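Everything quoted here is computed from the prediction, not taken from an experiment. Start at 1 and go down the list; that is how both ligands and their atoms are numbered.
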Amino acid sequence: MNKKVEKALNEQINAELYSSYLYLSMSAWASVKGFKGTQHWLRLQAQEELTHAMKMYDFILGRGGSVNLKQIEAAENKWEGVLELFESVYKHEQKVTELINDLYDLCLKEKDHATGSFLQWFINEQVEEEANVTTIIDQLKLAGAEGPGLYMIDKELSVRVLTPATTA
Ligand code: FEO
């Protein structure tokens with residue numbers, strides 16, 4: 001496979017694994033603070049990020065490329081509160097969107113249409129992820145990021161399930 005694209009895909013695997021690591025750290029924070037729904041939502045999010053990394057891992061191997069796993073950056077572990085935490089998730093996802101877009105641009109430049117087509121799924125996934133987090137942030141701002149409002153939203157976050165499309 002195209003070596004520049006292979007290298008960039010490997011870097012994206014690292015970014016997805018870091019995302020998983022970060023959300024796992026956030027989930028642990030939520031657990032300690034007693035936000036059970038937030039803990040659950042983030043734990044599933046961490047699992048979902050792992051499936052993103054694995055999709056890329058399998059794609060590289062399927063194309064006869066090499067997987068090159070590098071060191072994963074340490075994840076932060078302190079947040080002011082649930083609202084601030086979800087705002088960090090949103091900022092992080094915006095960064096991931098940028099990375100995916102850059103990766104797609106590289107595929108166009110390198111005329112690697114197969115990888116470009118593969119990345120379409122990730123482009124759509126990023127739209128969905130940013131929208132989901134925006135909804136949570138809006139709800140927290142509306143209902144209140146503490147007290148009964150937070151309690152209610154935390155409860156709603158506990159019903160999230162991993163969808164087949166993202167576990168595939
Ligand atoms: Fe794998 Fe949240 O992007």
Please find the pair of heavy atoms, one from Gln71 and one from Asn14, that lie closest to each other, and give the distance. O-ND2, 3.0 Å

Would you call Arg63-Asp112 a salt bridge at under 4.0 Å N-O? yes

Does the Lys NZ or Arg CZ of Lys55 fall within the cation-pi geometry relative to Trp121 - under 6.0 Å from the ring centre and within 45° of the axis? yes

Measure across Leu162 and Gln47 and return the closest heavy-atom pair with its distance rounded to 0.1 Å. CD1-NE2, 3.5 Å

Are any of the side-chain heavy atoms of Ser66 and Ile60 separated by less than 4.5 Å? no

Parallel, tilted or perpendicular: which describes the rings of Phe118 and Phe59, with under 30° parallel and over 60° perpendicular? parallel

At distances under 2.8 Å, what protein N, O or S atoms surround atom 2 (Fe) of ligand 1? Glu49 OE2, Glu93 OE1, Glu93 OE2, Glu129 OE1

